[in-house]
Amino acid sequence: ASSNNYLTQQPETTLIVLNSDLSERSRATVNGTITAIAPESVQAGQLLVATSETNNSSTYRAQIIDVNSGAWIWRSPLILGGIGKNNLHYDSTAGVSGGRLTIGTSSALYISL
């Protein structure tokens, strides 16, 4: 019997970090498909991203990942609806401990207070 591994294989995204001269500094594999990046969140080698973790795109999260290893440092609970481009924001200057996270999806709006 043939195996349909492509149906059960978890998606991955390759994250490539470049130097200022655009040469590759590091490369890492992140579990899940990255659907959005909050560039304002880059701090000390960490990056806030939105991911879809299954092939059928039904599992969505926000994650802080280590840009050198691709390992997740923090993960949100499951989020209702996909997080699209320009719908993930982090403001480190907001008056809350750790900053303010804002996420917009097709089904809900999330904000840390």
Side-chain angles (χ1 to χ4, degrees):
S2 66
S3 173
N4 290 329
N5 287 340
Y6 66 92
L7 294 175
T8 58
Q9 183 178 10
Q10 295 299 312
E12 296 178 334
T13 300
T14 300
L15 176 65
I16 300 169
V17 179
L18 305 175
N19 288 324
S20 59
D21 65 358
L22 301 181
S23 60
E24 186 176 314
R25 191 181 111 206
S26 65
R27 178 182 295 246
T29 301
V30 177
N31 289 329
T33 301
I34 294 177
T35 60
I37 296 174
E40 68 275 11
S41 71
V42 178
Q43 297 180 21
Q46 300 176 3
L47 180 64
L48 176 64
V49 298
T51 60
S52 169
E53 297 177 355
T54 59
N55 286 328
N56 65 7
S57 300
S58 62
T59 305
Y60 305 100
R61 294 183 191 271
Q63 300 187 59
I64 296 175
I65 59 171
D66 180 295
V67 298
N68 297 306
S69 69
W72 62 269
I73 297 165
W74 172 85
R75 294 169 65 152
S76 72
L78 293 178
I79 292 176
L80 297 173
I83 305 167
K85 187 171 108 176
N86 299 323
N87 290 328
L88 180 67
H89 302 281
Y90 178 74
D91 181 358
S92 64
T93 63
V96 293
S97 176
R100 176 169 290 138
L101 175 63
T102 307
I103 303 169
T105 74
S106 56
S107 303
L109 177 62
Y110 298 86
I111 186 166
S112 64
L113 297 174

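Here the shortest heavy-atom pairing between S52 and P11 reads O-CG, 4.1 Å. Between Y90 and A38, the shortest heavy-atom distance links the atoms N-CB, 4.5 Å. A28 approaches G70 most closely through the heavy-atom pair CB-N, 3.4 Å. Of all non-hydrogen atoms in G81 and S107, the two that sit nearest each other are CA-OG, 3.9 Å. Scanning both residues, A36 and G84, for their nearest heavy atoms gives CB-O, 3.6 Å.
Between D91 atom CG and T102 atom OG1 the span is 8.0 Å, to the nearest 0.5 Å. The line from CH2 of W72 to CG of N31 is 10.5 Å long, rounded to the nearest 0.5 Å. Atom CD1 of I83 and atom OG of S106 lie 10.0 Å apart (nearest 0.5 Å). With rounding to the nearest 0.5 angstrom, the CG atom of L88 is 13.0 Å from the OH atom of Y110. Rounding to the nearest 0.5 Å gives a distance of 5.5 Å between CG of L15 and CD1 of I34. Expressed to the nearest 0.5 Å, how far OG1 of T59 lies from CG of L78 amounts to 6.0 Å.
Taking the side chain to side chain donor-acceptor pair (under 3.5 Å) definition, one finds that N68 meets it with R25, S26, sequence neighbours left out. Residues that satisfy the salt bridge (charged side-chain N to carboxylate O under 4.0 Å, His left out) test with R27, not counting sequence neighbours, are E24. A search for side chain to side chain donor-acceptor pair (under 3.5 Å) contacts involving S23 returns N19, D21, not counting sequence neighbours.
Of the possible polar contacts, one joining the T13 side chain to the G32 backbone as a donor-acceptor pair under 3.5 Å is found.
In the hydrophobic clustering of ILVMFWY residues, with side-chain heavy atoms under 4.5 Å counting as a link, V17 and L47 come out together. L22 and I16 fall within a single hydrophobic cluster, where Ile, Leu, Val, Met, Phe, Trp and Tyr side chains are chained together by heavy-atom contacts under 4.5 Å.
I111 has its side chain out of reach of L109: every pair of non-hydrogen atoms, C-beta onward, lies at least 4.5 Å apart.
Tested against Q46, the residues I64, D66, V67 include a single side-chain contact (heavy atoms from CB on, under 4.5 Å) partner, I64. Remark: of the listed residues R75, Q63, R61, Q63 is the sole one forming a side chain to side chain donor-acceptor pair (under 3.5 Å) with T51.
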